[in-house]
S.K.: 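Once you've had a glance at the structure underneath, I'll fire off some questions.
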Amino acid sequence: MPDKNRTASGVLGGLAGLVGLSAVAGVLVAATVTPAVAITGTAAERAITMFDNLPSVLEIDKLMLPSNFYATDPGTGQPVLLTQFLEQDRTPVEFDQISPVMYDALLSSEDPRYYQHGGVDLIGTTRALLSNAQSNANTQGGSTISQQYVKNVLIQKCEQNAETEYETNDAGEVVLDEATGLPVVKVTRDEALRNCWVDATTAEGADGYMRKLQEMRYAISLEQKYSKNDILLGYLNIGNFGGITYGVEAAARRYFSTNAANLTVAQAATLAGMVQNPNRYRIDQPAGSIVDADGATFNKAPDGIIDEGANITVLDELLESGEITPEQHLAAADGYTSTKVRQLYVISRMLEDGKITREQYVEAAAWPITPVLTEPKTGCVNAGGAAYFCQYVKDVILNDPAFGETAEDRADTLRRGGLNVYTTLDPRVQGAAEASMAENVPTSLEGIKLGSTVVSLEATSGRVLAIAQNTTFTEDASLAGVPGYSSLVFAGNSQFGHSDGFNAGSTFKLFTLIDWLEKGHSVRETLNGRVRKITKMKNSCAADGSGWWIDQGAKPIQNFGGGNGTVGNPLSFTASSLNSGYLAMAEKLDLCDIRNVATKMGVTLAKGGEPVKMDGAFSVIGPNAVSPMAMAGAYATVANKGIYCQPQAIDRVTDSDGNELPRPERTCSQVISPEVAATAAFALQGVMTGGTGRGGNPFDGTPLLGKTGTHEEIQTWMIESSTKVATAAWVGNYDGFISVFDYRQNDKRYALAREVQAAANQFYPGERFPAPDSNLSRTVLTDLPNVVGMTVQDAEAQLRNAGFDVIVGGPVDSDQAEGLVAAQNPGAGKVAGGATVTINPSNGQAITVPEVSGQPLNGAIGALRSAGFGNVTEGTCTPDEAAAQPRATGTSPGAGSVVNRNSAITVDYAAANCGGGRGNDDNDD
């Protein structure tokens with residue numbers, strides 16, 4: 001058994017314990033102040049043995065420090081604090097950043113012989129030991145600044161490990177509450193933190209002696225390792241000044257809205273008095289109340305004075321001497337009385353030590369404690385309009401293993417680790433986003449959970465420049481579900497922002513367009529974009545393994561706002577956001593490939609991050625719930641020549657000493673070819689110049705691409721991008737299925753995107769987009785089928801399915817049966833896609849003129865009449881001596897002509913003598 005355990009009961013028992021500890025104190029003083037003192041006696045030897053076996057090396061951990069979130073001031077390039085996350089509000093300072101009066105106040109009241117002893121003050125320690133031995137109460141007093149520093153270091157070590165304790169059964173399993181199913185709490189974390197202070201400061205009996213002895217042992221060791229100034233500074237940086245206020249700099253800011261370097265005598269004396277018992281002397285409590293170590297609240301006495309043994313009569317003496325007025329006496333005595341009593345004690349000690357003049361003493365004594373409270377800026381709620389940006393960054397840190405192996409570790413790092421997080425937020429764009437949101441979208445509307453967000457990304461890097469939201473940020477559980485309040489970041493996903501996303505609507509058509517181009521199709525390829533029933537589409541990742549999506553009962557998908565669609569090409573389909581046109585495109589593709597395009601461009605399901613679901617024709621037009629942040633990144637990819645950059649909200653991270661730490665890993669990679677990106681940008685620019693997105697274009701000279709989207713009138717989108725910045729605006733119903741169109745919010749997406757993009761264009765000027773690829777933007781010739789001889793109905797269907805407009809003209813003469821197509825214009829062959837084809841049915845009255853040349857004239861006329869022509873006459877005679885008998889030489893119309901049976905047919909002939917009508921025809925008499 002270690003000596004300290006074997007001898008503790010004897011040494012720390014009764015008077016023998018007192019004598020032994022006194023001997024140890026004498027040895028300590030001899031070892032650290034005087035050259036040598038000979039100690040004799042059994043008690044002293046036993047105490048020395050016990051003391052020697054105590055741990056002597058105290059590892060001083062890094063202070064528990066707030067983490068700071070910064071934006072960068074574009075004008076100066078300097079960081080601007082957005083907010084902090086803290087468990088202890090502390091700002092460490094250097095020795096010369098503290099007013100000398102603070103040191104004087106602390107040393108005069110707590111350790112006047114600080115610079116003479118070696119860590120333990122024999123006089124003060126002996127006095128405390130005698131008091132404790134006589135009263136058998138809690139150990140008190142006698143601690144030097146070095147010992148108090150040790151105590152605070154040990155408290156912080158305890159606090160860093162403090163956590164909630166749960167009830168367990170005999171098997172060591174956590175006990176669950178039968179009503180709630182939650183673990184039964186044995187000790188809350190707040191209680192565990194309070195116990196750290198109680199255990200270090202109020203231990204009784206032998207434990208108290210042992211704690212005091214250990215403090216002395218550590219204090220001696222510290223004084224051998226560190227300078228006096230280092231220990232004094234360490235104490236002022238680590239010490240608690242009430243509540244979550246730690247360190248003199250935070251205390252000066254918290255209670256007097258100043259800094260440690262500018263503290264007055266009265267303020268310094270107040271703080272020096274508070275640090276002696278920070279849970280009791282509280283000047284941030286209402287009506288001058290104070291809080292004791294157990295958390296109980298005490299109010300001041302009716303006369304304004306609580307006499308705690310300090311020299312409170314000083315005010316009366318100063319009044320009697322005429323050094324203060326009755327008004328000053330009343331003001332000083334009133335208010336935070338207990339703390340004032342302690343402050344008077346401090347300035348009295350300062351005067352006795354010659355640290356202040358009589359005039360300074362009187363002035364400080366007459367000064368009523370008048371706190372000018374500055375609340376610590378902690379949590380995203382204190383980041384103002386950037387609260388949702390802050391929350392997004394917070395979630396990035398809480399999900400990154402670089403900041404701790406477990407979620408609890410990362411939370412501790414955020415609250416205690418002293419991180420300096422330099423965010424990507426641009427105050428200029430953020431300011432425009434906040435202003436636009438405040439102007440255009442209310443925080444709530446009766447009867448609907450109205451939500452809206454706008455987010456801007458730097459296309460070339462993925463840096464998030466701004467996030468604004470219509471709701472008021474809160475993490476107050478009592479406001480959960482109340483319209484107009486939310487902690488969800490609508491711009492983010494379930495991992496970063498805890499949002500499940502929103503149905504993409506027609507903004508999702510981007511991925512069909514990209515896949516169309518990647519398959520080598522042209523944006524000028526003509527398709528039948530009419531509303532029609534589509535029951536089958538290729539889907540190589542179909543859940544049933546069939547490789548197809550098939551639904552014979554599928555209903556035709558309609559276009560937004562009605563309309564039957566038209567024959568057109570992807571350029572026109574994109575500009576007008578034609579559902580039926582994009583379905584015609586997707587019908588020639590593979591739904592699985594469209595899904596894969598979305599994935600590689602950073603778009604997955606907002607909830608869970610799985611690939612989007614492509615399980616039918618409807619999936620082409622955006623029912624999947626995705627995040628605005630991801631969609632902005634996808635459009636930025638097109639603008640960035642096919643390079644996708646993962647959204648990045650953090651530029652750099654340092655520790656409290658300024659050392660660079662790994663930031664959350666984000667990458668940029670080429671996910672689509674520059675040719676495909678340029679051609680897609682070509683098509684998407686049409687949306688912004690004359691298409692559905694025109695209302696979102698600021699028309700400031702910056703080329704923009706973009707796309708609108710609407711889902712079932714519940715969600716509305718406007719996404720646009722220059723070559724430098726992409727902006728996504730969403731307005732919709734964040735919980736429920738009530739149409740936002742009923743509340744006339746559908747137009748607000750345009751204003752949001754337009755105004756924020758205009759600001760981005762000002763500070764990040766965009767350039768012209770590359771020209772489209774010539775092959776992917778070529779005019780595509782289409783095979784025009786021959787429909788002559790078909791019924792009009794069959795002919796029309798075949799032509800429309802081939803992508804042609806059809807006009808059915810009037811009946812024409814034809815040898816086709818009546819009602820069959822007799823003619824088409826243009827005729828079959830290669831033609832420009834989308835051409836209009838005119839078809840004419842046969843009237844059934846046409847006959848083909850037979851060939852009668854070479855036949856005797858009478859025979860030819862007979863043949864024509866037999867064919868059905870009723871109006872046959874002789875035509876022109878041509879003299880021919882060889883024609884002993886007239887013979888037919890041709891007809892008009894000519895042989896093979898299809899003419900109406902009532903048309904006049906003339907027969908030309910040759911004869912030896914044309915003058916006599918029929919020449920030498922013997923039969924003519």
S.K.: Taking C-beta and beyond as the side chain, do Leu776 and Ser522 meet within less than 4.5 Å on heavy atoms?
M.R.: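 No, side chains not in contact.
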
S.K.: Does Glu660 CD have over 12 foreign heavy atoms under 6.0 Å away?
M.R.: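 More than 12 heavy atoms, drawn from other residues, nucleotides or ligands, come within 6.0 Å of this atom.
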
S.K.: Does a donor on one side chain sit under 3.5 Å from an acceptor on the other, for Thr727 and Gln757?
M.R.: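 A donor-acceptor contact under 3.5 Å links the two side chains.
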
S.K.: Specify the closest pair of heavy atoms between Ser67 and Leu414, including all atoms of both residues, with the distance to one decimal.
M.R.: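 Closest heavy-atom pair between Ser67 and Leu414: OG-O, 2.8 Å.
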
S.K.: Is a side-chain donor-acceptor pair under 3.5 Å present for Ser656 with Lys62?
M.R.: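 Yes - a donor-acceptor pair under 3.5 Å links their side chains.
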
S.K.: So, the side chain of Thr72 versus the backbone of Pro74: is there a donor-acceptor pair under 3.5 Å, distance only?
M.R.: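 Not at all, since once roles are kept as given, no pair shorter than 3.5 Å links the two residues.
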
S.K.: Between the side chain of Asn503 and the main-chain N/O of Gly505, is any donor-acceptor distance below 3.5 Å?
M.R.: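 The answer is no, because no donor-acceptor pair under 3.5 Å joins these two groups.
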
S.K.: Does a donor on one side chain sit under 3.5 Å from an acceptor on the other, for Thr406 and Glu408?
M.R.: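 No - no donor-acceptor pair under 3.5 Å links their side chains.
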
S.K.: Check whether any side-chain heavy atom of Ser487 lies under 4.5 Å from a side-chain heavy atom of Phe473, and answer yes or no.
M.R.: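 With C-beta onward as the side chain, the pair touches.
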
S.K.: Taking atom types as modelled and ignoring hydrogens, do the side chains of Asn440 and Glu755 form a donor-acceptor contact shorter than 3.5 angstrom?
M.R.: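 Side-chain D/A pair, Asn440 to Glu755: present.
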
S.K.: Treating Gln670 as the side-chain partner and Lys641 as the backbone partner, does any N or O pair qualify as donor plus acceptor under 3.5 Å?
M.R.: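 Checking the backbone N and O of Lys641 against the side chain of Gln670, a donor-acceptor pair under 3.5 Å is found.
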
S.K.: Around atom NZ of Lys600, are there more than 12 heavy atoms from other residues, nucleotides or ligands closer than 6.0 Å?
M.R.: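 More than 12 within 6.0 Å, yes.
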
S.K.: Report the C-alpha separation of Ser486 and Tyr388 in whole Å, then their side-chain angles, then the decisive distance to 0.1 Å, and conclude whether the side chain to side chain donor-acceptor pair (under 3.5 Å) test is met.
M.R.: CA-CA 10 Å; Ser486 181; Tyr388 291 101; 5.0 Å; no

S.K.: Is it the case that the side chains of Ser619 and Asp615 hold a donor-acceptor pair, with the cut-off being a distance below 3.5 Å and no angle test?
M.R.: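 Note: Asp615 and Ser619 side chains miss the donor-acceptor criterion.
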
S.K.: Are Met601 and Val638 close enough that some pair of their side-chain heavy atoms sits under 4.5 Å apart?
M.R.: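 SC-SC contact between Met601 and Val638 confirmed.
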
S.K.: Would you say that more than 12 heavy atoms from the other residues, nucleotides or ligands in this model lie under 6.0 Å from the OH of Tyr70, or not?
M.R.: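 More than 12 heavy atoms, drawn from other residues, nucleotides or ligands, come within 6.0 Å of this atom.
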
S.K.: Evaluate the criterion side chain to side chain contact (heavy atoms under 4.5 Å, CB included) for residue pair Val567 and Asn528; output intermediate values, then yes/no.
M.R.: CA-CA 4 Å; Val567 172; Asn528 178 13; 4.1 Å; yes

S.K.: For His521 and Trp516, take the angle between the two ring planes, folded into 0 to 90°, and tell me which bin it lands in: parallel under 30, tilted 30 to 60, perpendicular over 60.
M.R.: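 His521 vs Trp516 ring planes: parallel.
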
S.K.: Is there side-chain contact between Lys509 and Phe573, with at least one heavy-atom pair below 4.5 Å?
M.R.: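 Result no, sub-4.5 Å side-chain heavy-atom pair not found.
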
S.K.: With side chain to side chain contact (heavy atoms under 4.5 Å, CB included) as the test, would you mind laying out the steps for Asp395 and His498 before giving the verdict?
M.R.: CA-CA 9 Å; Asp395 283 346; His498 302 280; 3.3 Å; yes

S.K.: Looking at Pro628, is its backbone amide N or carbonyl O close enough to the side chain of Trp717 to form a donor-acceptor pair, meaning the two atoms are under 3.5 Å apart?
M.R.: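 No, the answer is negative, given that no donor and acceptor are paired below the 3.5 Å cut-off.
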
S.K.: Decide if atom NZ of Lys538 counts as having more than 12 heavy atoms of other residues, nucleotides or ligands within a radius under 6.0 Å.
M.R.: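 Not buried by this count: 12 neighbours or fewer within 6.0 Å.
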
S.K.: To the nearest 0.5 Å, what is the distance between CG (Asn624) and NZ (Lys613)?
M.R.: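 Between atom CG of Asn624 and atom NZ of Lys613 there are 8.0 Å.
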
S.K.: Looking just at side-chain N and O atoms, do Thr708 and Thr692 make a donor-acceptor pair shorter than 3.5 Å?
M.R.: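 The answer is yes; a qualifying pair exists.
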
S.K.: In terms of ring plane angle, is the pair Phe490 and Trp730 parallel, tilted or perpendicular, where the classes change at 30° and 60°?
M.R.: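 Aromatic pair Phe490/Trp730 classed perpendicular.
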
S.K.: Assess whether atom NZ of Lys519 is packed by more than 12 heavy atoms of other residues, nucleotides or ligands within 6.0 Å.
M.R.: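 Enclosed.
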
S.K.: Does Lys394 pair with Glu475 as a salt bridge, N-O distance under 4.0 Å?
M.R.: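 Looking at Lys394 and Glu475, the cut-off is met.
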
S.K.: What distance separates His711 NE2 from Thr507 OG1, expressed to the nearest 0.5 Å?
M.R.: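 The NE2 atom of His711 sits 11.0 Å away from the OG1 atom of Thr507.
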
S.K.: Any donor and acceptor pair, going by atom type alone, linking the side chain of Glu675 with main-chain N or O of Pro772 inside 3.5 Å?
M.R.: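 Here the side-chain-to-backbone pair does not exist.
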
S.K.: In Å and rounded to the nearest 0.5 Å, what is the CD to OG1 distance from Gln648 to Thr667?
M.R.: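 Reported to 0.5 Å precision, the distance equals 10.0 Å.
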
S.K.: Within the distance-only criterion (no hydrogens, no angle test), does the side chain of Asn382 pair as donor or acceptor with the backbone N or O of Thr83 below 3.5 angstrom?
M.R.: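 Looks like no, no N/O pair under 3.5 Å.
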
S.K.: Mind checking whether Ile594 and Val612 have side chains closer than 4.5 Å, heavy atoms only?
M.R.: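 No, too far: nothing below the 4.5 Å cut-off.
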
S.K.: Quick check for you: to the nearest 0.5 Å, what is the distance between Asn579 atom CG and Ile621 atom CD1?
M.R.: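 Here the rounded value is 4.0 Å.
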
S.K.: Working to the nearest 0.5 angstrom, can you tell me the gap between Phe69 CZ and Phe389 CZ?
M.R.: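 CZ of Phe389 is found 10.0 Å from CZ of Phe69.
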
S.K.: For Tyr734 and Phe502, I'd like to know if the aromatic rings sit close, meaning centre-to-centre distance below 6.0 Å.
M.R.: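 They do not qualify: ring centres at least 6.0 Å apart.
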
S.K.: Quick check: closest heavy atoms across Arg666 and Val396, and the distance to 0.1 Å?
M.R.: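 Closest approach of Arg666 to Val396: NH2-CG1, 3.7 Å.
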
S.K.: Please confirm whether Arg652 makes a cation-pi placement over Tyr422, using NZ or CZ under 6.0 Å from the six-membered ring centre and within 45° of the ring normal.
M.R.: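 Yes; both conditions hold, so Arg652 lies above the ring face of Tyr422.
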
S.K.: Please name the residue in the list Thr423, Thr424, Asp651 that meets the side chain to side chain donor-acceptor pair (under 3.5 Å) test with Arg463.
M.R.: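 So, applying the side chain to side chain donor-acceptor pair (under 3.5 Å) to Arg463 and each of Thr423, Thr424, Asp651, only Asp651 qualifies.
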
S.K.: Quick one, Asn596 with Cys592, criterion side chain to side chain contact (heavy atoms under 4.5 Å, CB included). Give me CA distance, side-chain angles, the key distance, then yes/no.
M.R.: CA-CA 6 Å; Asn596 294 339; Cys592 190; 4.0 Å; yes

S.K.: Can you find a side-chain donor-acceptor pair between Asn68 and Asn420 that sits under 3.5 Å?
M.R.: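 A pair is found: one side chain offers a donor N or O, the other an acceptor, under 3.5 Å apart.
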
S.K.: Any side-chain heavy-atom pair from Thr710 and Arg749 closer than 4.5 angstrom?
M.R.: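 Result yes, sub-4.5 Å side-chain heavy-atom pair found.
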
S.K.: Regarding Thr574 and Tyr582, do their side chains bring together a donor and an acceptor under 3.5 Å, going by distance alone?
M.R.: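 Yes, a side-chain donor-acceptor pair sits under 3.5 Å.
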
S.K.: Judged by atom type as modelled, is there a donor-acceptor pair below 3.5 Å linking the side chain of Arg410 to the main-chain atoms of Gly404?
M.R.: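 Checking the backbone N and O of Gly404 against the side chain of Arg410, a donor-acceptor pair under 3.5 Å is found.
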
S.K.: For Ser494 and Gly608, work out which heavy atoms get closest and say how close.
M.R.: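 Where Ser494 meets Gly608 most closely, the heavy atoms are OG-N, 3.1 Å.
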
S.K.: If we only count heavy atoms from C-beta on, is the Leu450 to Lys748 side-chain gap below 4.5 Å?
M.R.: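 SC-SC contact between Leu450 and Lys748 ruled out.
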
S.K.: For a quick check under 3.5 Å, do Lys707 and Ser506 share a side-chain donor-acceptor pair by atom type?
M.R.: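 Lys707 vs Ser506: no donor-acceptor pair found between side chains.
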
S.K.: Go through Met629 and Phe496 one step at a time and tell me if the side chain to side chain contact (heavy atoms under 4.5 Å, CB included) criterion holds.
M.R.: CA-CA 10 Å; Met629 181 80 72; Phe496 305 136; over 6 Å; no

S.K.: Rounded at 0.5 Å granularity, tell me how far CG in Asp515 sits from NZ in Lys588.
M.R.: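 Between atom CG of Asp515 and atom NZ of Lys588 there are 13.5 Å.
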
S.K.: Is it true that a side-chain atom of Ser721 and a backbone atom of Val725 form a donor plus acceptor pair closer than 3.5 Å?
M.R.: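 Yes: the side chain of Ser721 pairs with the backbone of Val725.
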
S.K.: Heavy atoms only: give me the nearest Val393-Ala649 pair and the separation to one decimal.
M.R.: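 Closest approach of Val393 to Ala649, heavy atoms only: CG2-CB, 3.8 Å.
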
S.K.: Can you confirm whether Glu458 sits close enough to Asp426 that some side-chain heavy atom of one is under 4.5 Å from a side-chain heavy atom of the other?
M.R.: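 No, every pair of side-chain atoms sits at 4.5 Å or beyond.
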
S.K.: State, to 0.1 Å, how close Ser722 and Ala639 come at their nearest heavy-atom pair, and which atoms those are.
M.R.: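 Closest pair (atom of Ser722, atom of Ala639, distance): O-CB, 3.1 Å.
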
S.K.: How far apart are the closest heavy atoms of Val756 and Ala433, and which atoms are they?
M.R.: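 Shortest heavy-atom separation between Val756 and Ala433 comes out as CG2-CA, 3.6 Å.
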
S.K.: So, the side chain of Lys377 versus the backbone of Leu82: is there a donor-acceptor pair under 3.5 Å, distance only?
M.R.: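 Yes, Lys377 side chain to Leu82 backbone: donor-acceptor pair under 3.5 Å.
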
S.K.: Look only at the side chain of Asn493 and the backbone of Gln495, and say whether a donor-acceptor pair between them is shorter than 3.5 Å.
M.R.: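 A pair under 3.5 Å: yes.
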
